[in-house]
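So the structure is just underneath, and the comments pick up after that.
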Amino acid sequence: MITRVRFGPSPTGYLHIGSARTALFNYLYARHTGGKFLLRIEDTDLARSTEESTRSILDGLAWLELDHDEEIVFQSDNADKHRATAKKLLAEGKAYRDFTPKAAPSDANVKDAIKDRARAAQGEKNMRDNLYRDLSAAESDERAAAGEPFAIRLKVAETGKTSFEDAVYGIQERDYAETEDLVLLRSDGHPLYNLAVVCDDIEMAITHVIRGQDHITNTHKQVLIYEALGVTPPTFAHLPLIMAPNKGKLSKRKHGEVVSMTTYRDAGFLAAAFRNFLALLGWSAGEEKEIYSLDELVQKFSLDGIHRSNAVFNFTENDPRKWTDDKAQWMNAEYIRTVPVADLLPFVKAELKSAKLWREEYEPEGRALTETISSTADAGADERPAGVAIDTPEHGSYDWLVQTINLIRQRFFTLKDFSMQGRAYFSEDYDFDPAAIEKNLSKFPDLKSWLPELADRFEAEFPDEEVDALQKPTREQGRNLQFTEENIEIVVKAFTEEKGTKLGVIMNGARTLLTGVAVGPSML
RNA sequence: GUCCGGUUCGUCUAGGGGUUAGGACACCGCCCUUUCACGGCGGCAACACGGGUUCAAAUCCCGUACCGGAUACCA
């Protein structure tokens with residue numbers, strides 16, 4: 001039997017980090033088993049569902065590259081089928097009409113009202129004391145025909161228990177006494193969540209339901225519906241929850257943008273890095289390894305590796321450095337500097353484009369950015385074999401771009417850094433960091449004349465260096481120097497001694513003047 | 001309240017009868033670097049508590065505490 005899983009977000013907000021992880025686990029399980037990953041928008045609560053939210057969720061999934069199979073199912077489209085199912089259960093005597101007038105929804109805090117009510121009941125409540133539970137079919141039909149409004153409730157047996165074997169939490173049991181005669185169809189005719197989910201899961205032939213642990217109680221109710229329908233329930237796998245640093249609920253209300261997937265996209269995170277981070281929140285392959293490609297995740301993912309305890313998503317409000325989880329930040333930086341340039345290039349391009357720093361020359365005709373890049377260009381880092389003349393591709397060329405990225409990405413954390421910290425590499429129009437100026441320029445007033453002087457010196461020592469670097473005589477033989485790291489060092493050191501200053505002063509001053517920031521590749 | 005679940009360094013976690021309780025992030029130090037990072041090396045730091053079972057318990061059982069979830073004509 002082919003595995004079929006579904007991710008069923010309700011479109012009442014953006015893609016939350018917890019939902020994103022649920023989606024990821026569903027995706028990984030489907031791909032691991034060679035099954036299907038389906039998407040179902042659970043929009044039965046039309047009062048709260050918005051199209052904007054649906055779009056935002058779809059955007060988030062697209063960003064994470066969790067492509068779904070088959071058509072997206074909108075639960076609201078199936079309302080008629082849900083109603084038909086409720087009526088069938090009614091006809092079979094497995095459900096009944098409840099003519100109790102609908103309670104006015106408490107306006108303030110629904111959740112609190114429910115908790116208060118539950119506390120007040122102190123567990124003394126008899127879940128089967130509904131007046132209409134045993135109304136004769138004839139009388140029920142009659143009242144309905146007379147136009148009296150009613151909800152349809154499932155008739156839960158007096159004694160017994162629901163049970164299912166959760167792939168993560170093991171055998172789960174719940175006495176019927178704990179479960180109310182749940183409402184299937186509202187008095188206004190709208191199908192409710194549990195009914196809708198069961199109907200759709202059956203119709204979509206879902207084999208594994210992977211969702212948050214907060215649904216365990218719903219699962220018991222859904223098992224009841226499956227039983228009433230005479231359908232074997234799918235396998236359930238409940239996931240531990242992702243908590244806020246205080247181990248409380250992670251919510252938009254309280255924690256703001258840190259919980260939204262779009263925040264990470266906009267902050268310059270690589271989807272691959274964030275996916276990797278998310279995968280390790282509540283799941284482990286049982287090995288000492290942190291970096292996993294999507295393929296590896298797919299290959300190693302299993303329901304057995306899912307934890308039973310909640311995980312804390314760690315961040316510190318009001319600390320810009322720790323605005324989100326340290327490990328997520330580290331992982332992103334790790335990806336930025338180690339991923340093959342070819343994989344990084346498209347993202348850098350997008351970033352530069354949005355910052356209006358992109359030039360068409362970077363991408364020569366007929367050569368896609370993702371194309372394999374020459375091995376020399378891929379050599380990463382600022383390290384270069386000693387004694388080899390520095391090959392400086394034409395500024396603005398494709399090769400120049402690749403080398404530049406390799407040079408600067410070593411100290412970057414997000415894609416944003418390419419247009420912020422690294423702006424000077426792509427444009428003459430960049431800002432100066434006041435702290436960097438203070439630290440590296442203002443303190444040494446002499447730099448004002450030294451730096452231009454050094455520039456002249458370079459020009460004199462390395463004339464025309466881009467044209468024919470390798471042909472040039474070395475210093476021993478004549479005037480001009482080969483443009484190598486060693487020779488640059490000779491020139492700069494000589495200059496430094498001449499001025500009676502330290503190398504660091506010159507290097508740092510030059511970097512700050514040239515790039516506007518204090519951080520950057522070495523001059524030598 | 002009731003039902004369900006959980007508890008290993010600050011955080012993510014490995015380990016599930018005998019381990020110096022391992023790794024990662026964060027933090028601190030040293031090295032590398034005449035910058036900042038990267039990197040390398042090292043340090044700090046954990047089995048919630050109490051009872052059992054056992055030659056032996058972080059690991060199995062029970063209880064307590066604490067944390068979380070659920071308890072709608074929301075999803």
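Heavy atoms only: backbone and side chains are in, while hydrogens, waters and symmetry mates are out. In the text below, chain A, chain B and the rest are named by the order of the sequence lines, each starting its count at 1.
Nucleic acid contact class of A:Arg321 (heavy atoms, under 4.0 Å, all strands): sugar-phosphate only.
Classified by interplanar angle (parallel below 30°, tilted 30° to 60°, perpendicular above 60°), the ring pair A:Phe236/A:His238 is parallel.
For the ring pair (Phe, Tyr, Trp, His ring centres under 6.0 Å) test, no residue two or more places apart in sequence or in another chain qualifies with A:Phe74.
Base pairing of B:rU54 is not made with any nucleotide, judged by Watson-Crick or G-U wobble geometry with both donor-acceptor distances under 3.5 Å. The partner of B:rU59 is absent, by the rule that a Watson-Crick or G-U pair needs both atom distances under 3.5 Å. Pair check for B:rU20 finds none; no Watson-Crick or G-U wobble contact set falls under 3.5 Å. Base pairing annotation: B:rA70 forms a Watson-Crick or G-U wobble pair with B:rU2, both donor-acceptor distances under 3.5 Å. The partner of B:rG10 is B:rC25, by the rule that a Watson-Crick or G-U pair needs both atom distances under 3.5 Å. Shown here, B:rC30 forms a base pair with B:rG40; the pair counts as Watson-Crick or G-U wobble because both key distances fall under 3.5 Å. Pair assignment for B:rU35 gives none, since no Watson-Crick or G-U wobble pairing has each distance under 3.5 Å.
In this structure, A:Arg21 satisfies the cation-pi test against A:Phe25, with its NZ or CZ atom closer than 6.0 Å to the six-membered ring centre and inside 45 degrees of the ring normal.
Side-chain N/O atoms of A:Ser284 include one lying less than 4.0 angstrom from OP1 or OP2 on B:rA14. Note on A:Thr217: every side-chain N or O is 4.0 Å or more away from OP1 and OP2 of B:rC4.
For the C1' atoms, the distance from B:rG51 to B:rA65 is 14 Å, rounded to whole Å. Taking the C1' atoms as reference points, B:rG69 lies 23 Å from B:rC73, given to the whole Å. Straight-line distance between the P atoms of B:rU71 and B:rA58: roughly 38 Å, to the nearest whole Å. Look at the C1' atom in both B:rC55 and B:rG50: the space between them is 23 Å, to the nearest Å. Of the C1' atoms belonging to B:rA75 and B:rG18, the separation is 50 Å, rounded to the nearest Å. On the C1' atoms, B:rA14 is 13 Å away from B:rA46, given to the nearest whole Å. If you take atom C1' in B:rC44 and the same atom in B:rC30, they sit 15 Å apart, rounded to whole Å. B:rA48 and B:rC67: their P atoms are spaced 16 Å apart (whole Å).
Near-neighbour residues of RNA chain B inside residues 152-172 of chain A, defined by a heavy atom below 4.0 Å, number-ordered: A:Arg153, A:Tyr169, A:Gln172. Across residues 184-198 of chain A, A:Arg186, A:Ser187, A:Leu192, A:Tyr193 each have a non-hydrogen atom less than 4.0 Å from an atom of RNA chain B (numbered order). Listed in residue order, the members of residues 300-312 of chain A having a heavy atom less than 4.0 Å from RNA chain B are A:His307, A:Arg308, A:Ser309, A:Asn310, A:Ala311, A:Val312.
Put simply, CD on A:Glu287 is 14 Å from P on B:rA24, counting in whole angstrom units. Protein atom CG of A:Asp214 is 18 Å distant from nucleotide atom P of B:rC74, rounded to whole Å. Rounded to whole angstrom, the span from the CD atom of A:Glu173 across to the P atom of B:rU2 amounts to 20 Å. Counting to the nearest Å, the P atom of B:rG5 and the CD atom of A:Glu178 are 12 Å from each other. Rounded to whole angstrom, the span from the CZ atom of A:Arg337 across to the P atom of B:rC36 amounts to 17 Å. We find that CG of A:Leu239 is positioned 17 Å from P of B:rG5, with the value rounded to whole Å. With rounding to whole Å, A:Ile291 atom CD1 is found 15 Å from B:rC38 atom C1'. Atom-to-atom, OH of A:Tyr176 to P of B:rC3 comes out at 19 Å; the value is rounded to the nearest Å.
With 3.5 Å as the limit, one finds no donor-acceptor pair spanning the side chains of A:Ser53 and A:Arg48. Donor-acceptor pairing under 3.5 Å is recorded for the side chains of A:Ser140 and A:Arg97.
A side-chain donor-acceptor contact under 3.5 Å links A:Thr22 to the backbone of A:Gly18. A:His16 places a side-chain N or O within 3.5 Å of a backbone atom of A:Leu250 that can act as its donor or acceptor partner. In this structure, the side chain of A:Ser19 does not engage the main chain of A:Leu15 through any donor-acceptor pair within 3.5 Å.
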- Task: Just do the side-chain hydrogen bond (donor to acceptor under 3.5 Å, both in side chains) check on A:Asp326 and A:Asn314 with the steps written out, would you?
- Result: CA-CA 7 Å; A:Asp326 276 327; A:Asn314 207 12; 5.5 Å; no
- Passes side chain to side chain contact (heavy atoms under 4.5 Å, CB included), A:Tyr335 versus A:Asn276? Steps please. CA-CA 10 Å; A:Tyr335 270 76; A:Asn276 192 159; 2.7 Å; yes
- Can you check side chain to side chain contact (heavy atoms under 4.5 Å, CB included) on A:Trp283 and A:Leu28, steps first, answer last? CA-CA 12 Å; A:Trp283 173 80; A:Leu28 293 176; 6.0 Å; no
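In the set B:rA70, B:rC12, B:rG39, the nucleotide with an atom closest to the side chain of A:Glu334 is B:rG39. Considering only the side chain of A:Leu241, B:rG68 comes nearest among B:rA75, B:rC25, B:rG68. When the nucleotides B:rA75, B:rU34, B:rC73 are ranked by their closest atom to the side chain of A:Lys502, B:rU34 comes out on top. Here the side chain of A:Asn314 is nearest to one of B:rU11, B:rA75, B:rG22, namely B:rU11.
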If you restrict it to nitrogen or oxygen atoms, what contacts under 3.5 Å exist between nucleotides 57-61 of chain B and the protein, and what is each distance?
none

Could you list all N or O pairs between the protein and nucleotides 30-33 of chain B that sit under 3.5 Å apart?
none

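In terms of polar N and O atoms assigned as donor or acceptor, the side chain of A:Arg411 never comes within less than 3.5 Å of the base of B:rC38 in a complementary pairing. Side-chain to base pairing of A:Arg174 with B:rC4: no donor and acceptor N or O lie closer than 3.5 Å to each other. A donor N or O paired with an acceptor N or O is not found under 3.5 Å between the base of B:rC67 and the side-chain atoms of A:Lys247.
Considering A:Arg153, A:Arg128, A:Lys155 in turn, A:Arg128 is the only one that fulfils the salt bridge (charged side-chain N to carboxylate O under 4.0 Å, His left out) rule with A:Asp181.
A ring-centre distance under 6.0 Å is found for A:Tyr193 and A:His215.
Classified by its glycosidic torsion, B:rC38 falls in the syn category, the angle being within 90° of 0.
When the shell of 6.0 Å around NZ of A:Lys289 is examined, it contains more than 12 heavy atoms from other residues, nucleotides or ligands. By the 6.0 Å contact criterion, CG on A:Asp188 is enclosed, its count of non-hydrogen atoms from other residues, nucleotides or ligands being greater than 12.
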